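First, the structure itself, so that you have it in front of you.
In this text, all values refer to a predicted model and were calculated from it rather than measured experimentally. Each chain gets a letter, A, B and so on, in the order its sequence line appears, and its residues count up from 1.
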Amino acid sequence: MKPLESGSGPKPTESTEASESSERSNFIRDIIIADIQAGKHGGRVQTRFPPEPNGYLHIGHAKAICLDFGLAAEFGGKCNLRFDDTNPSKEETEYVEAIMEDVRWLGFEWDGLFYASDYFGQLYEWAVQLIRADKAYVCDLSADEIRQYRGTLTEPGRESPYRYRSIEENLDLFERMKKGEFPDGSRTLRAKIDMSSPNLNLRDPVMYRILHMHHHRTGDAWCIYPMYDYAHGQSDSLERVTHSICTLEFDNNRPLYDWFIEQLCIFPSRQYEFDRLSITYTLLSKRKLLRLVQEGHVTGWDDPRMPTLSGMRRRGYTPEAIRNFCANIGVSRTNGITQLSHLEYFLREDLNRSAARVMGVLRPLRVVIDNYPDDLVEEMEAINNPEDESAGTRRVPFSKVLYIEREDFREDPPKQFFRLAPGREVRLRYGYLITCRSVVKDKDGNIVELHCTYDPATRGGNTPDGRKVKSTIHWVSAAHAVDAEVRLYDNLFTREDPDEVEEGQDFTANLNPNSLEALTRCKVEPGLRDAVAGARYQFERMGYFCVDADSSPGRPVFNRTIGLRDTWAKIEQRGKK
RNA sequence: UGGGGAGUCGCCAAGUGGUAAGGCAGCGGCCUUUGGAGCCGCCAUCCGUAGGUUCGAAUCCUACCUCCCCAGCCA
């Protein structure tokens, strides 16, 4: 919101809401506002986005990023990027780099860049401190035994037989754990809390496990690694994070988060949980996305069908569209599923105002204009973006032989089909009005060519006599057309909930076998010959397309980002029912 | 089942005792050299259910129902 001007300038008359921020609020934002007003932390706001580098970021993370960075920015605070790298068995540098690229692409820049592994030393010292305070102990139970001792949802757990070791013995054992004297899984360091707590997280949770494993940053310096619960809150605290925002499933962990902070008497970061994003026909689980990649169901993390930020980027999504979507869906504590159409609305909205219009024919049908001079080529003026006058105009060549979209012609047009048909006149966008005179078929009865006549008085598509045509279709001059490949995408899954499967199956059973259709004989206007990878266009009447990096000189490859809203398809569909 | 969280239009979501915002989707219409975009209108007598308190409740109380999370040496 613009700050109101001070001084004696003209005041807005009806500004009841103008003085308050009209930014859409949510409960976390309200908490921050209240904290600032109460003077908590001197009004300072510090957040953090803490991804584990074990996979690529997806649209669900985008929601968290928009919250973490957005809130900090709105209230003059800071937001750190912190890699939660406490488990070397799953984490890789490749992911670290991809995550940084994606955060920046989304439009955010972090203040501090940290790694939980930066704090391994401090965390170790604090563990020793907790042992000395008789709040932690080394446990020799195996993973299996720990599970048995933990009890169940309804029965309390039992105390470990190692729970009352002397502080000296614990100190000695823990140090030897660190030195690597014990094999993986042989011992753990546990917090001494309450084995009968109804909150399972408080039943003497494991703080450290032994893992003789190479870490992407600390190398072989450590063979004991802290658990999430023992590392996260303290990392927040070390960074003096005021509002630690995470998803709902960590609600149960909050008492433990607070417990460590209280026992250690360190900066009191507070955790707030919001609902994770779910979208129909989409999987948002790094574990499952990793499977799609590893099992080859997609070409990689950046496959345009993936809900990853890198996949969406390659597909042609804009950061603005994703940010607008995140701002619009809101933040609450309700477990809901957002419809894909909601996301697509914001995609189209942004692309509509930013994408340059061009003409491209996906499934070409040859059209010969019989009364058009054989060798004439006219340069027709076309508007680049009707939503943005500054985008200007361009010239598109027109000649006797053209390609039009196959679906724009029907030999036997159904009701409400306004496009080309025998004897019917339509407008060629920015071209001429043409009338279909005859249809040429091959021996199998397939339509191979149309013969039309044009009205020379309608150059540019104008009708000096004021007559109306029901339809305007797009075209490309055959002699000037550039061959292109166009990849059409559909939902990766056929069910709204990809996890809804028959007994014994998993989400791969719901994979859509037709999620990708590659068209290789497409014809696009000449200006697209050397389109640069990443550029986004609207192929008029067809949809939004993004140039893929697979393009080669003179032969562009386009990804269909999303189709235009198709009223005719809806009408036709309705007629079939 | 013990604990925690949540239930407001098909979906998302405001509202926190004074008589149901908004967005998406959908449906009409206008406009249109993209059946795109844009514009206009319609779309919850009702807030999981049942009681109760109150002049008055989605908002307070009681009971019940449904869904989600927790029994990793994952995060």
Whole-angstrom distance between B:G3 and B:C73, as gauged at atom P: 23 Å

Short side-chain N/O contact from A:Arg565 to OP1 or OP2 of B:A37, under 4.0 Å: yes

Sugar-phosphate, base or nothing in reach of A:Gly185, heavy atoms under 4.0 Å: base

Greater than 12 external heavy atoms within 6.0 Å of A:Glu379's CD: yes

OP1 or OP2 of B:C73 under 4.0 Å from side-chain N/O of A:Arg150: yes

No-H, no-angle donor-acceptor pair, A:Glu155 side chain to B:U1 base, under 3.5 Å: no

Nearest-Å distance for atom pair OH/P, residues A:Tyr537 and B:U34: 22 Å

Any A:Tyr228 side-chain nitrogen or oxygen under 4.0 Å from OP1 or OP2 of B:C74: no

Heavy-atom donor-acceptor pair, A:Arg424 side chain to A:Arg419 backbone, under 3.5 Å: yes

B:A37 versus B:G28 - spacing of their P atoms, nearest Å: 16 Å

Short side-chain N/O contact to B:G35 OP1/OP2 from A:Arg541, under 4.0 Å: yes

Residue pair A:Lys90, A:Glu52: steps toward the salt bridge (Lys or Arg N to Asp or Glu O under 4.0 Å) verdict: CA-CA 9 Å; A:Lys90 296 181 175 178; A:Glu52 180 187 11; 5.8 Å; no

Face-to-face contact A:Phe418 to B:G35 six-ring, under 5.5 Å, under 30°: yes

A:Ser332 side chain near B:C12 phosphate (N/O to OP1/OP2, under 4.0 Å): no

Sugar-phosphate, base or nothing in reach of A:Ile383, heavy atoms under 4.0 Å: nothing

Between A:Thr463 and A:Arg467: side-chain donor-acceptor atoms closer than 3.5 Å: no

Donor-acceptor pair under 3.5 Å, A:Gln416 side chain vs B:G35 base: no

Phosphate OP1/OP2 of B:G72 contacted by A:Arg147 side-chain N/O (<4.0 Å): yes

N/O (side chain, A:Thr86) to phosphate O (OP1/OP2, B:A75) under 4.0 Å: yes

Shortest non-hydrogen contact between A:Ile383 and A:Arg357, atoms and distance: O-CB, 4.2 Å

Short side-chain N/O contact from A:Arg574 to OP1 or OP2 of B:G35, under 4.0 Å: no

Sub-4.0 Å heavy-atom contacts from residues 387-396 of chain A onto RNA chain B, ordered by number: A:Glu387

Residue-phosphate contact under 4.0 Å: A:Thr472 side-chain N/O, B:U34 OP1/OP2: no

side-chain N/O A:Lys468 vs B:U33 OP1/OP2, d < 4.0 Å: no

Presence of A:Arg209 side-chain N/O under 4.0 Å of B:C74 phosphate oxygens OP1/OP2: yes

Length of the NZ-P vector between A:Lys470 and B:U34, whole Å: 14 Å

Value in whole Å for how far the P atom of B:U33 lies from OH of A:Tyr430: 11 Å

Touch class at under 4.0 angstrom, heavy-atom based, for A:Arg357 against every strand present: base

Rounded P spacing from B:C46 to B:C9 in Å: 13 Å

Nearest-Å distance for atom pair CG/C1', residues A:Asp275 and B:C12: 10 Å

Sugar-phosphate, base or nothing in reach of A:Val469, heavy atoms under 4.0 Å: nothing

Check: B:C69 base within 3.5 Å donor-acceptor of A:Asn252 side chain: yes

Gap in Å between the two C1' atoms, one belonging to B:A63 and one to B:A44, rounded: 26 Å

